[in-house]
2 protein chains.
Amino acid sequence: MHPRYALVTNQLKKHQIRLSDRRLKILECLCYNLEHPTVDQIYVNLHKEIPTLSKTTIYNTLHTLAELGLIRIINIEDNKTRYDIITESHGHFKCQTCGSIFNFEVDLKFFATDELSGFKIMERNLYFKGICQECLLNKND
Amino acid sequence: MHPRYALVTNQLKKHQIRLSDRRLKILECLCYNLEHPTVDQIYVNLHKEIPTLSKTTIYNTLHTLAELGLIRIINIEDNKTRYDIITESHGHFKCQTCGSIFNFEVDLKFFATDELSGFKIMERNLYFKGICQECLLNKND
DNA sequence: ATTTAAAATTGTAATGATTACAATTTTATT
DNA sequence: AATAAAATTGTAATCATTACAATTTTAAAT
Ligand SMILES: [Mn+2]
Ligand SMILES: [Mn+2]
Ligand SMILES: [Zn+2]
Ligand SMILES: [Zn+2]
């Protein structure tokens, strides 16, 4: 069993949220698709296995998980939201050529600045955009 | 005349983009509304003065400015895009209570990490969310 | 085992920001 | 004045997300 799966299901139990079939499948999808899937990508992924799955259920489940801080919402794109099972501090790089979103290590947990003294910081996101290594190499051929 | 207005109009001239009435008014709006306005907010702001202004024109103008790197696109929210006339490196804090978006100083220009070596970084954004000082004070009364 | 109420899921319709696009107007050039 | 290119407008289309009522599933109570 995936370690994050265990972690999240424990938290759900603790908050008395049922470990329904749908929720567990959506969670599994997030654990094994680390490419920051959209709702639609999750839907397509699960559709073969669960043809009756509704997109509304995916939205509901993701909202539930996000409210408990068990997943992270990624607004690096303007049109659609992406979801990340990794909640520990890290940065994101979006390639504007191939669309991939890469993780990179960066610890923002203790970032502080005078200008925000007196503010309660609850979420920190670092987003980069550009062209990934592979796409740069493909350009010169 | 606002210094950023001068700067941007010069750049537009340089790129042979006409300094039309609409474009200049939208630009002026961005210079004096530093609250990271949405398309709708710009529209409402200018509607009294220019009742015939079309939202499409606002979208077109903002796209033009963004393509030239003269304004910055802010995707801190999931549903709507915000625009920022300040293109120099700085971070954003969104208050989840009052909705305001604050700037804070942070220089990401020279941020580097091994994981992104070989990547071409073209945009860097640091977004925080939480509760602003004023909203925190209002809570305890 | 039945009954019952709460929770979860589904499907459809509504919302709302953004885009596409054709028609019209404005601007610069000849 | 004629012409072509650029800019603007308004409407319709797109598409992700949300609202919501109907249905199904689950857990607890009898
Ligand atoms: Mn990530
Ligand atoms: Mn700003
Ligand atoms: Zn790429
Ligand atoms: Zn506030």
Side-chain angles (χ1 to χ4, degrees), chain A residues 8-9 11-29 36-68 70-71 73-84 94 99 101, chain B residues 8-9 12-29 36-47 49-68 70-71 73-84 94 99 101:
Chain A
V8 172
T9 50
Q11 286 296 310
L12 289 176
K13 267 187 226 164
K14 202 174 283 177
H15 287 85
Q16 299 172 14
I17 287 165
R18 277 184 208 153
L19 305 183
S20 69
D21 230 39
R22 309 288 142 122
R23 283 182 182 145
L24 293 178
K25 284 292 178 193
I26 293 164
L27 177 56
E28 204 182 282
C29 197
H36 313 92
T38 63
V39 164
D40 200 64
Q41 285 169 343
I42 295 171
Y43 180 77
V44 170
N45 270 323
L46 293 176
H47 191 258
K48 288 156 212 154
E49 203 181 345
I50 319 171
T52 58
L53 176 65
S54 165
K55 265 191 192 173
T56 304
T57 300
I58 302 175
Y59 278 108
N60 288 341
T61 300
L62 293 171
H63 287 159
T64 303
L65 292 171
E67 255 176 46
L68 298 175
L70 302 174
I71 58 172
I73 288 170
I74 300 190
N75 283 325
I76 200 170
E77 278 164 323
D78 45 329
N79 49 344
K80 54 176 97 62
T81 304
R82 292 179 167 276
Y83 298 89
D84 196 342
K94 176 176 178 183
I101 293 175
Chain B
V8 172
T9 51
L12 289 176
K13 267 187 226 164
K14 202 173 285 177
H15 287 86
Q16 299 171 13
I17 288 164
R18 277 184 207 152
L19 304 183
S20 69
D21 230 39
R22 309 288 142 124
R23 284 181 180 145
L24 293 178
K25 283 294 177 190
I26 292 163
L27 176 57
E28 204 183 282
C29 197
H36 312 92
T38 63
V39 164
D40 199 66
Q41 285 169 343
I42 295 170
Y43 181 77
V44 170
N45 270 323
L46 293 176
H47 191 258
E49 202 180 345
I50 319 171
T52 58
L53 176 65
S54 164
K55 266 191 193 174
T56 303
T57 300
I58 302 175
Y59 278 108
N60 288 342
T61 300
L62 293 171
H63 287 159
T64 303
L65 292 172
E67 254 176 48
L68 297 176
L70 302 175
I71 58 172
I73 289 171
I74 300 190
N75 283 325
I76 200 169
E77 278 163 324
D78 45 330
N79 50 343
K80 53 177 97 62
T81 304
R82 293 179 167 276
Y83 299 88
D84 196 343
K94 176 177 179 182
I101 293 175

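The chains referred to below are lettered A, B, ... by the order of the sequence lines, with proteins before strands, and numbering in each begins at 1.
- Computed from coordinates, the B/Gln16 CD to D/dA5 P distance equals 15 Å when rounded to whole Å.
- When each of C/dT18, D/dT17, D/dC20 is scored by its nearest atom to the side-chain atoms of A/Thr81, the top-ranked nucleotide is D/dT17.
- You'll find that the side chain of B/Thr57 is closest to D/dT8, out of D/dA19, D/dT8, D/dT17.
- Two residues are said to be in side-chain contact when any heavy atoms from C-beta on lie closer than 4.5 Å; B/Val8 and B/Ile71 fail this criterion.
- As rounded to whole Å, 14 Å separates atom C1' of C/dA8 from atom CD1 of A/Ile58.
- In this structure, A/Ile17 atom CD1 and D/dT26 atom C1' are separated by 15 Å, rounded to whole Å.
- Applying the 4.0 Å criterion to OP1 and OP2 of D/dT17, one finds that A/His63 has every side-chain N and O outside that range.
- Atom CG of A/Leu53 is separated from atom P of D/dT25 by 14 Å (rounded to the nearest Å).
- A/Thr38 comes within contact range of no nucleotide atom at all, as no heavy-atom separation falls under 4.0 Å.
- A/Lys25 NZ: 12 or fewer foreign heavy atoms inside a 6.0 Å radius.
- Side-chain proximity of B/Tyr59 to D/dG10, C/dA17, C/dG11: nearest is C/dA17.
- In this entry the distance linking CG of B/Leu65 with P of D/dA7 reads 12 Å, nearest Å.
- Dashed line: the shortest gap from a side-chain N or O of B/Arg18 to OP1 or OP2 of C/dA28 is not under 4.0 Å.
- With DNA chain C read from its 5' end, the first of the two nearest nucleotides for B/Lys80 and B/Asn60 is the one closest to B/Lys80.
- Note that CD1 of A/Ile50 is 9.0 Å distant from SG of A/Cys29, once rounded to the nearest 0.5 Å.
- Taking 4.5 Å as the limit, every side-chain heavy atom of B/Asp78 sits out of range of all side-chain heavy atoms of A/Ile73.
- Contacts of B/Ser20 with the nucleic acid, taken as non-hydrogen atoms under 4.0 Å apart, involve only primed sugar atoms and P, OP1 or OP2.
- Across the protein-nucleic acid pair, B/Asp21 atom CG and C/dA28 atom C1' stand 17 Å apart, rounded to whole Å.
- For A/Asp78, taking side-chain heavy atoms from C-beta onward, the closest of the listed nucleotides C/dT19, C/dA8, D/dA7 is C/dT19.
- Straight-line distance from the OH atom of B/Tyr43 to the P atom of D/dG10: 8 Å, rounded to whole Å.
- Taking CG of A/Asn79 as the reference point, atom CG of B/Asn79 lies at 12.5 Å (rounded to 0.5 Å).
- If you take CD1 of A/Ile42 and C1' of D/dA16, they are 14 Å apart, rounded to a whole angstrom.
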